[in-house]
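Here the structure is laid out as structure tokens; the discussion comes afterwards.
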There are 2 protein chains.
Amino acid sequence: MTTITARERLINAAIEAFAEKGFAGTTTRDIASRAGMSPAAVYVHHDSKESLLFTVSIEGHRSALDVITRAAASSTDPIERLRSMVYDFSLWHADNSRVGRIVQYEYHALSDEHRAEVATYRRSIEKTMQDALADGVDQGVLDVDDVPGTAFSLLSLGVDLVRWFEPGGSRSADQLASLHADLAVRMARRT
Amino acid sequence: MTTITARERLINAAIEAFAEKGFAGTTTRDIASRAGMSPAAVYVHHDSKESLLFTVSIEGHRSALDVITRAAASSTDPIERLRSMVYDFSLWHADNSRVGRIVQYEYHALSDEHRAEVATYRRSIEKTMQDALADGVDQGVLDVDDVPGTAFSLLSLGVDLVRWFEPGGSRSADQLASLHADLAVRMARRT
DNA sequence: GTCTATAATCAGATAGAC
DNA sequence: GTCTATCTGATTATAGAC
């Protein structure tokens, strides 16, 4: 049995609100109300509205990095590894489109210190994709002119899902992730 | 010689502010101040903050649709046409990253009526890309399993530029647009 | 750990002088 | 068409009772 603390209820309420209205468009009253609490209760469990955003953002980044890191380690075959990485990264963004929207679009709303901390996760995600492409080129299996640019473009496919994806739409998360994985292989495979 | 009206100065100020702080995070006082005017002056030339957003959004959509429509008409060769469409669409998003950010990320902040009007432009953009892919498949030059999905993914590459692109960075708009065009051809070409 | 009440500030929009 | 001054209501965050 899972016990949800008041602190966690507020985080879940913040995720809903930030994803729907944006950070600046969300009031602490809205967060409290979604969690079934009074406006003052927010400040018992969290320091500020920005610290709620940081909590959501850092956990989201950690989770996305974890997903792509595991996929990178899932195979040594460059094609299979690339397919896994793109599939899992896109699937994560579809399955977590609300958190993903906050992670991507409210990055600028973080304080300078918090933004710097989150930035290290972003660089790790990019480096993981770049390393996988570079290794595939070294093995002679992939043909990629611009490794950093192509890595970024592959990640873009997944990231851009958070702009519009909603569960229950005409395409499933799995369909989209599979499509992206197929496109990725065509983009990078040596012919 | 070009005369800039007060109305246009306010629109330019709104573009700066909305792109930097988001619609909800921007105050009408900020817009007025950037235009070198008093808070009240905003309402002499525009009905509301939302109507300023609508003006920016509709013009941005019109411009982006225009760019991709012209590119679609620039060639009948499916490969050259695809290259032009992706290059021009991505170039537009890099060269107009501030307007593009507003177009993409503040779509939900429009009133219901205004959002419906803008939505027709979005559908036209998607249809233009889908038609180009479908025609290339018919001609036997392209090989695309999922035409709507691939069309959307190609547009995503350009759209996602607005999330991070700033002029003067390590990559030029032209470099990024060329990269996207190359990747697009690899994604869709029959082998 | 929850609440009600409130402080202090700031928001969008308007009135009316010049 | 511009300004200063202001209305009305909302906002983040805190104080203090229970």
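No experiment lies behind these values; they were computed from the predicted model shown. Within every chain, numbering begins at 1; the chains are lettered A, B, ... in the order of the sequence lines, protein sequences first and strands thereafter.
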Open item on the list: Looking at A:Leu65, is its backbone amide N or carbonyl O close enough to the side chain of A:Thr69 to form a donor-acceptor pair, meaning the two atoms are under 3.5 Å apart?
Closed with: yes
Open item on the list: Measuring from atom CG of B:Leu155 to atom CE of B:Met129, what distance do you get when rounded to the nearest 0.5 angstrom?
Closed with: 4.5 Å
Open item on the list: Looking at A:Glu8 and A:Thr5, would you say the former's side chain and the latter's main chain have a donor-acceptor pair under 3.5 Å?
Closed with: yes
Open item on the list: I need the full list of ring pair (Phe, Tyr, Trp, His ring centres under 6.0 Å) pairs touching residues 12-41 of chain A, with sequence neighbours left out, sorted by first then second residue.
Closed with: A:Phe18-A:Phe23
- [ ] Please identify each residue that fulfils side chain to side chain donor-acceptor pair (under 3.5 Å) with B:Gln130, with sequence neighbours left out.
- [x] none
Task: Stretch residues 4-22 of chain B: residues that reach within less than 4.0 Å of DNA chain D through a heavy atom - done: B:Ala6
Open item on the list: Using a 4.0 Å cut-off to any heavy atom of chain B, which nucleotides of DNA chain C are the first and last in contact, reading 5' to 3'?
Closed with: C:dA11 to C:dA15
Task: Check: A:Arg122 main-chain N/O paired with A:Lys127 side-chain donor or acceptor under 3.5 Å - done: no
- [ ] Give, ordered by number, those residues of residues 32-56 of chain A having at least one heavy-atom distance below 4.0 Å to an atom of DNA chain D; if nothing qualifies, reply none.
- [x] A:Ala40, A:Tyr43, A:Ser48, A:Lys49
TODO: Describe, as an angle rounded to 10 degrees, how the axis at the first end of the helix from C:dG1-D:dC18 to C:dC18-D:dG1 is tilted relative to the axis at the last end, five pairs per end.
DONE: 10°
TODO: Sequence neighbours left out, what pairs pass salt bridge (Lys or Arg N to Asp or Glu O under 4.0 Å) with at least one residue falling in residues 94-110 of chain A?
DONE: A:Arg101-A:Glu166
Task: Separation of atom CZ in B:Arg29 from atom P in D:dC7, rounded to whole Å - done: 14 Å
Open item on the list: Through direct or indirect side-chain contacts below 4.5 angstrom among Ile, Leu, Val, Met, Phe, Trp and Tyr, which residues connect to A:Ile4?
Closed with: none
Could you give the side-chain donor-acceptor pairs of residues 177-189 of chain B under 3.5 Å, partners two or more places apart or in another chain?
residue: B:Ser178; atom: OG; partner: B:Asp174; partner atom: O; Å: 2.9
residue: B:His180; atom: ND1; partner: B:Ser90; partner atom: OG; Å: 2.8
residue: B:Asp182; atom: OD1; partner: B:Arg83; partner atom: NH1; Å: 2.8
residue: B:Arg186; atom: NE; partner: A:Met187; partner atom: O; Å: 2.9
residue: B:Arg186; atom: NH1; partner: A:Asp143; partner atom: O; Å: 3.0
residue: B:Arg186; atom: NH2; partner: A:Asp143; partner atom: O; Å: 3.2
residue: B:Arg186; atom: NH2; partner: A:Met187; partner atom: O; Å: 3.2
residue: B:Arg186; atom: NH2; partner: A:Arg189; partner atom: O; Å: 2.8

Open item on the list: Which residues pass the side chain to side chain donor-acceptor pair (under 3.5 Å) test with B:Glu80, not counting sequence neighbours?
Closed with: none
Open item on the list: Using the side chain to side chain donor-acceptor pair (under 3.5 Å) criterion, which residues pair with B:His114? Sequence neighbours excluded.
Closed with: B:Glu50, B:Ser111
- [ ] Please list all pairs passing the ring pair (Phe, Tyr, Trp, His ring centres under 6.0 Å) test where one or both residues lie in residues 56-90 of chain A, with sequence neighbours left out.
- [x] A:Phe89-A:His93
